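Remarks on the structure that follows.
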Amino acid sequence: MKTRAVIVPSGGANYGSLVEACRRIGVDAPVSADPTRILDATHVILPGVGAASHAMRTLREQRLDRVLPLLRQPLLGICLGMQLLFERSEEGDRPTMRSAFERSTASLPRTQEARRPSPGTWPSGPAGMRESSMDARFRGHDDGTVRVEAPPVDAVACLGLLRGAVRRLPAAPSWPHMGWNTLHNRVEHPLLDGIGDRDWFYFVHGYAAPAGEDTLAVSDHGERFAAVVAHGNVFGAQFHPEKSAAAGRRLLANFFALT
Amino acid sequence: MLARRLIPCLDVAAGVVVKGVRFRDHRVVGDIVELARRYAEEGADELVFYDITASPERRRVDPEWIARVARELDIPFCVAGGIRSVADAEAVLAAGADKISVNSPALARPPLIDELAARFGSQCVVVGVDAEGDAGARDQWKVIANSGKPEAASDSGRDLLDWVREVADRGAGEIVLNSIRADGVRGGYAQAQLAAVRAATSLPLVASGGAGNPEHFADVFERSGVDAALAASVFHSGEIRIGDLKRYLAGRGIAVRR
């Protein structure tokens, strides 16, 4: 069957690189928010840059948060798009470290989104649960001061197609995780066909899902996190295959070969 | 393990790539897309395109060449120069750039950094910082504004390390530290300054200005702990090939993508 791919817009400014990366491996992948076209596609890609809260708002405004759980064909979340597949994310409206601190001390009420159960295929469980302030992180400065960095108090409810919550990566060795990294603990899977220890992928993200039952491969930056995930028809890559040269082309081609 | 990145910087003016020594006396070195493709094939980890005319002439960056580059390139690239607002950044990112870099406009109006991070996410907001070089005491390191146009360049009055901390707090996702004295003279990166900035922030840090030979790259990774090294003329002239440089760095035990 001929591949009919669709890229779902999630509020990022730029899908051109992804469209071109698909074109280079012979797949026409237009961007469309039309539920009929999305449901009719053979493969669906959910990209994303920016903050989870903004992206989820964009999906809800287009009612795509109701469409994506209906898919039975392969769905690939990329970077933030992968994070949106989980139950919730720590990443609120204001992504900066200072803002996170201000929010944690300002006793802001939790948002409606944070309280709403996730619309996923699993029971909502702890979705929307307040992230603990135990997670406050300490960062030393060379002037001798130590600043408390707490995550935003309100977790953002996401699509809930995968179990678990997306968390902020540690401040050390550097934050965000930006650059080329490799995959470890790879599970044998068609999505990772031909991908080995010496293949490098381009990551740029400050939040990630911890490794869990659906993890196909992990990567390391400050801590171990899920780099590639799969559960049923739902797949995710925390890196950008469209920016990862030959290794990225391979992963995209593997995805389009899935049925 | 996260690889150390090598980033050729291509200065762009009127749709072609140029490189100035000490920001003067530009010479054309080639077509943008052709050079971008060449560097990607050679193993560049990322590219920076600096529109040297947009910033001092207060023009917007032309999205046409950005879209052409985005179509060709399967590694990330950043566009610098002439981005003064969220709308400017949006045009550049929509054309296909992965990151935007701001410098003098952020000095003139620091909340620009917060606005860009809130709208696009920290991961695509790079702040370029020009400093005078690391001769002298660290409390005399000042940030220079408008360094792209020598007659307009001025001391911003900001202390380098204070500005770096402020930039990080406002939500920047990466810092490019360019040492003006070191730039174009190939005497090595400004190690003391880079090490001090490295200690002041956990943001990814890119060293810029001063690369002359492979040892300079190895030294800046080993001694200053930077995430990436940016260079222009040594790459553009063909004196250092990226593939050779990566082999050399790997031989010194530095993690690079090969």
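None of the values given here were measured: they were computed from a predicted structure. Residue numbers start from 1 in every chain, and the chains themselves are labelled A, B, ... in the order their sequence lines are given, proteins ahead of strands.
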Heavy-atom pairs under 4.5 Å with chain A, option from B:Q123, B:E46, B:K99 with the top count: B:Q123

Winner by heavy-atom pair count (cut-off under 4.5 Å) against chain A, out of B:A40, B:A67, B:A89, B:G96: B:G96

Cation-pi, A:W180 ring and B:R257 (6.0 angstrom, 45 degrees): yes

Chain B interface, residue from A:G179, A:P176, A:P173 that has the most non-hydrogen pairs under 4.5 Å: A:P176

Work out which heavy atom in [X] is nearest to a heavy atom in [Y]; give both atom names and the distance.
X: A:R23; Y: B:R71; answer: NH2-O, 4.3 Å
X: A:S174; Y: B:P204; answer: CB-N, 4.3 Å
X: B:V256; Y: A:W200; answer: O-CZ2, 3.5 Å
X: A:A171; Y: B:S202; answer: O-CB, 3.3 Å

Heavy-atom contact with chain A under 4.5 Å, split by part of [X]:
X: B:R4; answer: neither
X: B:R5; answer: side chain
X: B:L73; answer: backbone
X: B:A97; answer: backbone

Any side-chain heavy-atom pair of [X] and [Y] under 4.5 Å:
X: A:H54; Y: B:R119; answer: yes
X: B:P76; Y: A:V204; answer: no
X: A:M178; Y: B:D227; answer: no
X: B:I75; Y: A:S244; answer: no

Value rounded to 0.5 Å, distance of OH in A:Y202 from CG in B:D98: 6.5 Å

Backbone N/O of A:K243 and side chain of B:D74: donor-acceptor pair under 3.5 Å: no

Chain B contact via A:A245 - side chain, backbone, both or neither, heavy atoms under 4.5 Å: both

Toward chain B, the part of A:H240 with a non-hydrogen atom under 4.5 Å: neither

